[in-house]
Amino acid sequence: MKLNKEKFKSDYKRKLMNTFAEEIDTASKLHKYFALGGLVRDYVTENWVNTNKYYMESGEKQVYYFSMEFLIGRLLGSNLLNLGIRELCYEGLTELGIDLNELEEVENDAGLGNGGLGRLAACFLDSMASIGVPGHGCGIRYKYGLFEQKIVDGYQVEIPDYWLRDGNVWQIKKENKAVEVRFGGNVRATYETGRLSFIHENYEPVRAVPYDTPVVGYDKNMVNTLRLWSAEPVDYEFDFSTFSRGDYLKAAAYRTSVESISQVLYPDDSNFEGRLLRLKQQYFFVSAGLQSIVRSYKKSGLPMNEFHKHTAIHINDTHPSVAVAELMRILVDIEELSWEEAWHITTNTMAYTNHTILSEALEKWPVDMFMKLLPRIYMIIEEINKRFCEELSRRYPGQNGKINSMSIINDGVIKMAYLAIVGSHSVNGVAKLHTEILKNQELNNFYQVFPEKFNNKTNGITHRRWLMKANPKLTEALNHTIGTNWIKNPNELGKLENFKTDKSLQRKIASIKKENKLQFSNMLKAKYGIDIDPNSIFDVQVKRLHAYKRQVLNILHIMYLYNKLKENPNLDIVPRTFFFGAKASPSYHLAKQTIKLINTVANKINNDQSINGKLKVIFLENYSVSLAEKVIPCADVSEQISTASKEASGTGNMKFMMNGAITVATLDGANVEMKDSVGEDNIVIFGLKANEVISYNKYGGYSAFDIYNNDMRVKRILDQLVDGSLGVSSGEFKNIHESLLMFNDEYFVLKDFDAYVKAQEKIDTLYRDPAKWNEMCIMNIAHSGIFSSDNTIREYSKDIWGTRELKSVPVID
Ligand code: 26Q
């Protein structure tokens, strides 16, 4: 982008004046932020309009990524970075007496996601725009994002996240692009037009209004779109008929019911909750998104029977899988195509990603609920299923048990994963191990029928946000060492391997880590009054709280270390600060108890002078994208310790690796590929393997009591959970205790305990040898390039979507 500092400064002053009638001296920080955001948006609009025009006129294949979640975080910093004007703006603002870093802190995170799946969608948007794939996001504009977490007396307290309170400078409301989505009512079949057709009557209409956010590519003139839908009442429904009859309450109830659709994000990430509102949310954005895609496709003048040649639709987990039936509805009922033709188009348009093997997360909707809310869609799913089951009967004659087990509708529920598989041409897992488990275990039945659909696409992360933006000092050191080509081609980070024993780079990497640690410690000191030793090992576990992620294993190990220190205050260990950051689903009792346990242990340890500051435990409140950007660059150790086979991929693991942390990991999800890439000498692997966990589970697990009885370390810490020695009532951690002993430790925490202790001892030993440690850090950075989401998106584009990578967008007059 062509801009110089002087022009920027004058543009900025004018923007501040025109928007808020203020000069720099008098404007508030909020106004200064909004003026800058508004100006950046102005800089983007020409390319945005041009990109859209080009897409419309060229017939270039477009991909739409449908997702219930987009965990975008803040946009100011990443837009400046992608536009290539961050330096210039920083300097210009400094000359105007404004600190850009401070302004960036004003922006509220767009926390429209729970965790991995939502953040993946955000990384994918960044990569699509940056490598030139015409790809857009489609989702819900939640008024409230994931709750804000406060810790009160060690407990999690949830506060609504009203992220739009101050307005949002990136979104543009497109009233003229609104569509109508219809719920409930009944369906009448008729032959009136000489063709069997279905009339949907007595439905409740909802107005879906899109808000568009530009997605700016790195050093490209391409600007894609994230379109988020908001639900509004339909005027004609609201005021005249109902209101004039004086039925004010009914009208108000209608408004509330409609508005609730885009009110809040479900704060859950691995448990299926069968709530009507969630189904409404799903159909709402899927129907709105598809209607608008079909409308703009038709406007471009292309024939309907070629829809799939110009459009790919990606279903991010099963949440938007009703798209299969909704596209069929549009093609059959509205566009009047034959069923066969519509099915051909639909299955060639749709592709589905599975993000979990946890059975409790699989979506199943009760038939009666579904039928009432979406009567026509239900009929279509029945027809899809009927034809699918007929196909199965031809393949497996007489094997009714098998056919029933694969039926989309069975036992009074609709299985959305099955609908997604049958209705898509591609089904992918998110790491090699995960895809193998899907093919050989969880979805083996479907793999046998559709082997050609299954493929792996290992997740990735955008190195622009997670390295360049989050860790500018490291970025500079990399540029200095290997040049800047890695920015456009992250695989070139591999060149760093040549410098792994280079003393000056080693020193540089170590001193950057130290500076980052110091900066973060100062921030914590200012905010929470906590003193942290920046010379201690920063050991970090940040992710959603869930039993399978095993934050409990981490905290039990800390209790064990503390016990050892109490016995021998002179114990020779490298001082460590353990950081946790995690939100628990508000209804997930065990997870909330784990947060209380971490805080209780933290309180005890941090206030014990007798251990000479060798251990500290910090629970970071309100873990979010912007907090992740701060804590990841200062981690020495990354904790990726899920029960093998349970974490589909993980993406936090990749972010730490890219920032030069050493990973302590089980062979789960993408950790396996990290190990293969960096080599087993540069990662610390421990614990049961996935196949071991799976085979234990076949025979009802293992005996947790045996370990409790035979390992005195384990016995002691488990007893401490419930004997009052943590300084809280003895019942406080009863459920955690029970889950480990009475319920036989479903997640193999005790089984892996000994191996974990040894892994942590290995970390301690390695850290004492700075040359070795720094070499490992460099190797991790060098081998992290393959986990750039640019690589992942290239594979999606080539193998699944059939989209092209455009070098640039031709300028259209
Ligand atoms: C479903 C029904 C009702 C309420 C909530 C949900 C729900 C919401 C979110 C179910 C699942 C999710 C999110 C799942 C998720 O984030 N999975 C993670 O996806 C990452 C990206 O692929 C992987 O790296 C992680 O391993 C996986 O856990």
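The shown structure was predicted, so the numbers you read here are calculated from the model rather than taken from an experiment. Counting convention: from 1, in listed order, for ligands and their atoms alike. Because only heavy atoms are used, hydrogens play no part in the values below, and waters and symmetry mates are left out as well, while side chains stay in.
Close approach to Glu69 involves these atoms of ligand 1, each under 4.0 Å from a residue heavy atom: 8 (C), 9 (C). Atom numbering of ligand 1 starts at 1 in the shown order; those under 4.0 Å from a heavy atom of Tyr548 are 28 (O). Which parts of ligand 1 touch Ala648 is read off a 4.0 Å heavy-atom cut-off, strictly below it: atoms 26 (O). Contact atoms of ligand 1 toward Phe272: 2 (C) (distance under 4.0 Å to a heavy atom of the residue).
Using a non-hydrogen distance threshold of 4.0 Å, Val430 registers as a contact of ligand 1. Ligand 1 is approached by Gly650 to a heavy-atom distance shorter than 4.0 Å. Under a 4.0 angstrom heavy-atom cut-off, His434 registers as lying outside contact with ligand 1. Under a 4.0 Å heavy-atom criterion, His319 is in contact with ligand 1.
None of Arg119, Lys469, Arg74 except one satisfies the salt bridge (Lys or Arg N to Asp or Glu O under 4.0 Å) rule with Glu629; the exception is Lys469. Just one residue in the list Phe370, Phe183, Phe284 forms a side chain to side chain contact (heavy atoms under 4.5 Å, CB included) with Leu279, and that residue is Phe370.
Ion pairing between a basic and an acidic side chain is recognised when a charged N comes within 4.0 Å of a carboxylate O; Lys646 and Glu746 show no such pairing. A salt bridge does not link Asp269 to Lys583: none of the charged nitrogens lies less than 4.0 Å from a carboxylate oxygen. Using a cut-off of 4.0 Å between Lys/Arg side-chain N and Asp/Glu carboxylate O, Arg464 and Asp126 are scored as salt-bridged. Using a 4.0 Å cut-off between a side-chain N of Lys or Arg and a carboxylate O of Asp or Glu, Asp799 and Lys457 qualify as a salt bridge.
Other residues, nucleotides and ligands place more than 12 heavy atoms under 6.0 Å from the NZ atom of Lys630. A 6.0 Å sphere centred on CD of Glu680 holds no more than 12 heavy atoms belonging to other residues, nucleotides or ligands.
A centroid separation of less than 6.0 Å is found between the aromatic rings of Tyr796 and His314.
Neither the backbone nor the side chain of Met68 has any atom closer than 4.0 Å to an atom of ligand 1 (non-hydrogen atoms only). Neither the backbone nor the side chain of Asp317 comes within 4.0 Å of ligand 1, counting heavy atoms alone.
Considering Lys543, Glu647, Met654 only, the shortest heavy-atom separation from atom 26 (O) of ligand 1 involves Glu647. The option from Arg278, Met416, Arg119, Glu273 that lies nearest to atom 6 (C) of ligand 1, judged by heavy atoms, is Arg278.
Summary of contacts: the protein heavy atom closest to atom 13 (C) of ligand 1 is Asp269 O, 3.3 Å. Protein heavy atom nearest atom 15 (C) of ligand 1, with residue, atom name and distance: Leu117 CB, 3.5 Å.
Here's the thing with His355: one of its N/O atoms is less than 3.5 angstrom from an N/O atom of ligand 1. For the pair Gly115 and ligand 1, the shortest N or O to N or O distance does not fall below 3.5 Å. At least one N/O-N/O distance between Ser649 and ligand 1 falls below 3.5 Å. When only interatomic distances are considered, the shortest N/O to N/O separation between Tyr266 and ligand 1 does not fall below 3.5 Å. Of the N or O atoms in Asp268, none lie within a sub-3.5 Å distance of an N or O in ligand 1.
Remark: Glu647 engages Lys549 in a salt bridge (Lys or Arg N to Asp or Glu O under 4.0 Å) (not counting sequence neighbours).
Ring geometry for Tyr418 versus Phe446: interplanar angle of 30 to 60°, hence tilted. Between Phe686 and Tyr756, the two ring planes are tilted [angle within 30° to 60°].
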